[in-house]
Amino acid sequence: MFAAIGRFAVRRRWWIVAAALAVMIVGGLFGSTAMGLFTGGAGFVDPRSESNRADQLLESTFAHDGVDVIVVYESRTRTVDDPAFASAVGTVVGRLPVGQVGAAHTYWSTNSPRYVSKDRHATYVTLTMAGEDRVASYNAIKDSLEAPGLTATRGGPLVFPVEINRLSLGDVVRAEIISLPILVILLVLMFRSAVAAGLPLAIGLLTMFGSLTVLRLLTSLVDVSTYAFQIVTVLGLGLAIDYALLLVTRFREELGTGKGVEDAVARTMATAGRAVVFSGLTS
């Protein structure tokens, strides 16, 4: 069977190349949008726990009224008793759109000492986001939380997954930019052929784009952790390159014995290809 698959691949190679390019294009356009839909907490909350059931009961009965975002405002020279400090924070809170922010509480609206640091140089504002998509509401107002003359630091249960996504994506992209050129050089040195060296890399990229497309579809059904993207890029890309290296090496060995391209591909699939399929299924 595997030899037949190899012969079919040789005879329909341009159709297969076209299909691979289509997957990469769809993955680049559609799959890449999944990165903005990953949630940092997916998989870390037990849906059967008593605390989670209590949260769901409270939200379904009274609607969401918990704190989503905490913004700490700090000044080295001013205290919260300074009218300029109060005015700066009040201006920020006053211009928050009602459509995105359901409630905002400050030291001046609550008169609670818990909102002020011991040295009175810092205070925090608690925000409850409005709308069904609270992450989208936060993204719409996060850039307007800066106060002139004060240092603003954002935190809270809603900010955590957003920042995790942003930092993880940046780290992964930076790692790929550094590692891929090194990988290309090593492959060229190993195979002494740009085409042979480019095939494992192309298979790895195809795997990554295809996996992102699958993850994008999954985000519409279940919560997907941001760490799924790291697994796809690290394990998916690495394993795809390893398997492709095995196939390319075996193919070149078969060519070295005097076989034609079709026979070499068929023999490669019947041996190394079989090993790759079973290894992939059991991984």
* When the aromatic ring centroids of Tyr124 and Tyr115 are compared, is their separation below 6.0 Å? -> yes
* Structure fact -> Only residue of Val159, Asp68, Leu96 satisfying side-chain contact (heavy atoms from CB on, under 4.5 Å) with Leu127 is Leu96
* Asked: Do you reckon Leu189 sits in the same ILVMFWY cluster as Val184, going by side-chain contacts under 4.5 Å, direct or chained?
  -> no
* Decide yes or no on side-chain contact (heavy atoms from CB on, under 4.5 Å) for Leu145 and Tyr73, but give the supporting numbers first. => CA-CA 10 Å; Leu145 295 175; Tyr73 294 98; 4.1 Å; yes
* For Arg250, which of Leu255, Val276, Thr271 qualifies under side-chain contact (heavy atoms from CB on, under 4.5 Å)? -> Thr271
* Transitive ILVMFWY side-chain link Met208 to Leu21, under 4.5 Å -> no
* To do: Answer yes if Val69 and Val98 sit in the same cluster of Ile, Leu, Val, Met, Phe, Trp and Tyr residues linked by side chain heavy atoms under 4.5 Å apart, and no otherwise.
  => no
* State the CZ-OG1 distance between Arg274 and Thr268, to the nearest 0.5 angstrom. => 13.0 Å
* Test item: Thr126 side-chain N/O and Val67 main-chain N/O as donor-acceptor pair under 3.5 Å -> no
* To do: With side-chain contact (heavy atoms from CB on, under 4.5 Å) as the test, would you mind laying out the steps for Met269 and Met1 before giving the verdict?
  => CA-CA 9 Å; Met269 288 302 300; Met1 181 183 73; over 6 Å; no
Show me the side-chain donor-acceptor pairs of residues 7-20 shorter than 3.5 Å, one per line, residues at least two apart or across chains.
from: Arg7; atom 1: NH1; to: Glu262; atom 2: OE2; distance (Å): 3.4
from: Arg7; atom 1: NH1; to: Asp263; atom 2: OD1; distance (Å): 3.0
from: Arg7; atom 1: NH2; to: Asp263; atom 2: OD1; distance (Å): 3.3
from: Arg11; atom 1: NE; to: Glu262; atom 2: OE2; distance (Å): 3.2
from: Arg11; atom 1: NH2; to: Glu262; atom 2: OE2; distance (Å): 2.7
from: Arg13; atom 1: NH1; to: Val10; atom 2: O; distance (Å): 2.5

* **Stepwise side-chain contact (heavy atoms from CB on, under 4.5 Å) check, Val89 with Tyr107** => CA-CA 10 Å; Val89 176; Tyr107 164 66; over 6 Å; no
* To do: Kindly indicate, with the supporting measurements, whether the criterion side-chain contact (heavy atoms from CB on, under 4.5 Å) is fulfilled by Thr153 and Glu74.
  => CA-CA 8 Å; Thr153 305; Glu74 185 177 7; 5.8 Å; no
